[in-house]
There are 2 protein chains.
Amino acid sequence: MGARKGPMEGRETGTLGKLMALLDLVTHADGPMRFTDILAVAGQPRGTLHRQLVHLSEEGLLEVDDDGRYLPGLRLLDLASRSWARNEFRLVAEPHLTALQKLTGETVHLGVLRGTSIIYLDKVEGQQSVRMYSQIGNASPIYCTGVGKAALSILPQARLEALLAELEFQRFTPSTHTAETLVAEMDDIRHEGCAFDREEHEVGIRCVAAPIWSDNLSFIGGVSVTGPAYRLTMERLEEWSTPVRQSAQDIMRDMRIGLGPRR
Amino acid sequence: MGARKGPMEGRETGTLGKLMALLDLVTHADGPMRFTDILAVAGQPRGTLHRQLVHLSEEGLLEVDDDGRYLPGLRLLDLASRSWARNEFRLVAEPHLTALQKLTGETVHLGVLRGTSIIYLDKVEGQQSVRMYSQIGNASPIYCTGVGKAALSILPQARLEALLAELEFQRFTPSTHTAETLVAEMDDIRHEGCAFDREEHEVGIRCVAAPIWSDNLSFIGGVSVTGPAYRLTMERLEEWSTPVRQSAQDIMRDMRIGLGPRR
DNA sequence: TCATGTATTCCATTATTTGGAACTTAATTT
DNA sequence: AAATTAAGTTCCAAATAATGGAATACATGA
């Protein structure tokens, strides 16, 4: 296949890139990893890997438990809490998310397109079930979430195709899209101004989402209302598409004010 | 003062250390920074700084807005959400935090000692005021928070002194401790098994906290109940010191089970 | 004790980072 | 519009840090 050396050939971040790849590896694992476990999958020589792990640990990006196993470090929490607290999109959207939650009584999400994933930036639940923070920061597939499909719908054709080419479609439920059915639905979404998730990511969960974007498309996201299928019938979902679209509009309006005249 | 080259001389993390220092600088700033702003404070030559910023941005640790200003990147959120979701201390403690919140009706915090700060790992509020995630991940001073003082109280003398030597005492309220008054209170805390925050960090906020530690002191943290002074009279706080201490005990018991027999 | 799996250190070689200066681009003034 | 100043980017020889194979230390259990 192709003569290129590998995927992501453009990325040249030197030492940092290698260290971040390793950090990702350990962070995305199911549990703590011993040195040998990492050695088996990291494809680095012993000496190199050892020094890299020591450096990451000394910086607090990884931690070593009493058994010498490596796991994600708490320094990441501190860094992320600042990233989150200062995110302008989230700050502007917050009151609208709360209002939408009160109106519908269901869970409201705010997400943003990053690469080929949706990253959730905020979540407002009704009967606060104590599970705060969860979900926030999670990277979810773009092709089977409401926010993801809404985001796709406003991409210009070229960028859409480029993105689709990078996707791998995994089947989560019987309704999960394939490349073909996803493309087929795009026109509907563009026409309606909102996207429905009909149990495409998780059985028993439905959602309606509307896109949010900046004038120059330098960023694209969305807002959604999510809930169990027994409460969120398709009729109810249609009904709520109006307030969801309205929320998206309101957030966009406030962002323009917030940013002021460009320069 | 002393002949050492600088603080943290032991840390030798090469390229990573320099990049993380830069990441911290931008992340801890009040707002987005332009290249020149960073240049003025980073103490790095133009060429070097530029490449570092490009590398951090390509990895998603920083982002560049439409005006070319740098701010914390969302990659941090993804990394942190995994660090948080998998944190064993937090997972074990969670049901106990919820129980304690229900019993007292006030806000419950879980924190862990990291260096000279307390990092908050979880928070359970009553009338969930929608402000989820906030506070979690925040690094707070050790000498004027309940959890911080509780953690200090179980440190062995040598480690306590080493830590105190590194602290700079900032006066947040009229009741904030100085080095002397803090040391003086230690015996009380050790005797009582819990620490009170008598509006030492924020006027109008009181709290009672109990320490949590592992057998070998490889980790130290605490649990606390926090609330407004008008509700949390000192009598009420004394009353709740019992369930708080009990929660700490329960969490420690469950952690030992969770970790299993050491090896 | 010895055997075995695991983690750490060493150091000559190799690759990356460094930083001053030259260059490009954008914004501001005359 | 041209000139001036400021802001950001690129270049490349020298300095520095990362690499990786092999030797060494450490832990565990027969």
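Per chain, numbering begins at 1; letters A, B, ... match sequence-line order.
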### Aromatic ring pairing B/Phe35/B/His50, orientation class (parallel under 30°, perpendicular over 60°, tilted between)
perpendicular
### Message
Expressed as a whole number of angstroms, how long is the span from B/Tyr70:OH to D/dA7:P?
### Response
14 Å
### Query
Using 30° and 60° as the class limits, which term best fits the ring planes of B/Phe219 and B/Phe89: parallel, tilted or perpendicular?
perpendicular
### Message
Between A/Leu155 and A/Leu217, is there a side-chain heavy-atom distance shorter than 4.5 Å?
### Response
no
### Task
Enter the distance from B/Gln246:CD to B/His96:NE2 here, rounded to the nearest 0.5 Å.
10.0 Å
### Task
Could you state the atom-to-atom distance from CZ of B/Phe35 to C1' of D/dT9 in whole Å?
8 Å
### Query
How long is the gap from CD1 on B/Ile142 to NZ on B/Lys149, to the nearest 0.5 Å?
11.5 Å
### Message
With a cut-off of less than 4.0 Å, is there a side-chain N or O of A/Arg34 near OP1 or OP2 of C/dA7?
### Response
yes
### Query
Between D/dA7 atom C1' and B/Ile38 atom CD1, what is the distance in whole Å?
13 Å
### Message
Given the structure, check if the side chain of B/Arg46 and the base of D/dG8 hold any donor-acceptor pair shorter than 3.5 Å.
### Response
yes
### Task
Give the rounded distance in Å between these two atoms: CG of B/Leu49 and C1' of D/dA7.
13 Å
### Query
Is a side-chain donor or acceptor of B/Arg86 paired with a backbone partner of A/Gly31 at a separation under 3.5 angstrom?
yes
### Query
Is there side-chain contact between B/Val244 and B/Val108, with at least one heavy-atom pair below 4.5 Å?
no
### Task
Using whole Å, report how far CE of A/Met33 lies from C1' of C/dA7.
16 Å
### Message
Does a side-chain N or O of B/His50 approach OP1 or OP2 of D/dT9 to a distance below 4.0 Å, or not?
### Response
yes
### Message
Rounded to whole Å, please give me the gap between CG in A/Asp67 and C1' in D/dT28.
### Response
14 Å
### Message
Tell me the interatomic distance from A/Arg69, atom CZ, to D/dA27, atom P, rounded to whole angstroms.
### Response
17 Å
### Task
If a protein heavy atom is under 4.0 Å from the base, mark B; if only from the sugar-phosphate, S; if neither, -; do that for nucleotides 10-18 of chain C going 5' to 3'.
------SSB
### Query
What is the distance, rounded to the nearest whole Å, between atom CD of A/Glu58 and atom P of D/dA18?
12 Å
